[in-house]
Amino acid sequence: QVQLVESGGGLVQAGASLRLSCTAADSSFVNRAVGWFRQAPGKEREFVGDIDWKGLFINYADSVKGRFAISRDNSKNMVYLQMNSLEPDDTAVYSCAASRFNTAGSRLSDYLYWGQGTQVTVSS
């Protein structure tokens, strides 16, 4: 089974930056599209962005475009979410997810494997 693990969350002030990391022990990870999602208390899970298997095609939600950046380093089996200019509305549990396919998108049903999530809290 493909198990994903996120790290890098924490408590920061508005305007700060964080970089989240996502990795998996399974070698198939490098062949899969990876998405980032977030969920705040009382809200639906929200698509943040995704990256294709080679790191060539990247999509972002309008709410984070221009502030967040997704990248991957397949030689290290890692996917990153760089978050800049963080706002209180960014507070959520952030999860990475691996698709069944080498390209994906914003549809939750495209993703099969999920990490445990990491908490990001942004204070005003």
Side-chain angles (χ1 to χ4, degrees):
Q1 185 177 1
V2 180
Q3 292 288 98
L4 279 62
V5 178
E6 306 96 337
S7 62
L11 172 63
V12 298
Q13 297 282 343
S17 297
L18 282 174
R19 188 180 73 165
L20 307 184
S21 299
C22 174
T23 191
D26 196 290
S27 62
S28 69
F29 185 65
V30 301
N31 298 318
R32 301 178 184 273
V34 174
W36 285 96
F37 296 81
R38 65 186 184 185
Q39 187 168 27
K43 295 185 179 180
E44 298 290 328
R45 180 172 290 171
E46 178 186 16
F47 172 77
V48 175
D50 75 280
I51 187 167
D52 79 302
W53 67 313
K54 293 186 175 181
L56 182 61
F57 298 105
I58 307 170
N59 302 300
Y60 299 100
D62 289 342
S63 59
V64 306
K65 192 172 185 179
R67 298 188 297 120
F68 290 10
I70 301 171
S71 61
R72 72 189 302 165
D73 185 346
N74 284 342
S75 70
K76 298 180 179 179
N77 223 41
M78 297 288 285
V79 176
Y80 305 102
L81 176 63
Q82 177 68 46
M83 304 184 293
N84 300 319
S85 301
L86 283 163
E87 304 168 354
D89 285 347
D90 296 317
T91 295
V93 174
Y94 285 72
S95 301
C96 63
S99 175
R100 296 169 291 174
F101 313 110
N102 57 8
T103 59
S106 62
R107 295 185 301 275
L108 187 66
S109 60
D110 287 348
Y111 297 92
L112 183 61
Y113 307 107
W114 292 81
Q116 82 286 356
T118 185
Q119 177 71 48
V120 173
T121 302
V122 184
S123 63
S124 60

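The figures that follow rest on heavy atoms only: side chains count, while hydrogens, waters and symmetry mates do not. Everything numeric in this text was worked out from a predicted model, so none of it was measured.
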Decide yes or no on side chain to side chain contact (heavy atoms under 4.5 Å, CB included) for Ser71 and Met78, but give the supporting numbers first.
CA-CA 9 Å; Ser71 61; Met78 297 288 285; over 6 Å; no
Side chain to side chain contact (heavy atoms under 4.5 Å, CB included) between Asn102 and Asn31: does it pass, once the steps are laid out?
CA-CA 6 Å; Asn102 57 8; Asn31 298 318; 5.9 Å; no
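Screening residues 18-27 for side chain to side chain donor-acceptor pair (under 3.5 Å) gives Asp26-Ser28 as the qualifying pairs, with residues at least two apart or on separate chains. Evaluation of the side chain to side chain donor-acceptor pair (under 3.5 Å) test over residues 47-60, restricted to residues two or more places apart or in two chains, returns Asp50-Asn59.
The 12-atom threshold is exceeded at CZ of Arg45, counting heavy atoms of other residues, nucleotides or ligands nearer than 6.0 Å.
Scanning for side-chain contact (heavy atoms from CB on, under 4.5 Å) contacts around Ser85 gives Arg67, with sequence neighbours left out. The salt bridge (charged side-chain N to carboxylate O under 4.0 Å, His left out) check on Arg72 picks up nothing, with sequence neighbours excluded. Listed by chain and residue number, Pro88, Val122 satisfy the side-chain contact (heavy atoms from CB on, under 4.5 Å) test with Ala14 (two or more places apart in sequence, or in another chain). Looking at residues two or more places apart in sequence or on another chain, you find a side-chain contact (heavy atoms from CB on, under 4.5 Å) between Ser106 and Phe47.
Between Asp62 and Lys65 there is no salt bridge, since none of the side-chain N atoms of the basic residue sits less than 4.0 Å from a carboxylate O of the acidic one.
Smallest separation of non-hydrogen atoms from Gln13 and Ser123: OE1-OG, 3.2 Å. Residues Phe29 and Asn77 come closest through the heavy atom pair CE2-O, 3.6 Å.
For Phe37 and Trp114, the gap between ring centers is short of 6.0 Å.
Under a 3.5 Å cut-off, the side chain of Tyr80 and the backbone N or O of Asp73 do not form any donor-acceptor pair. At distances below 3.5 Å, at least one donor-acceptor pair connects side-chain atoms of Glu6 with backbone N or O atoms of Gln116. Judged by distance alone, with hydrogens and angles left aside, the side-chain atoms of Thr118 form a donor-acceptor pair with the main-chain N or O of Gly9 at under 3.5 Å.
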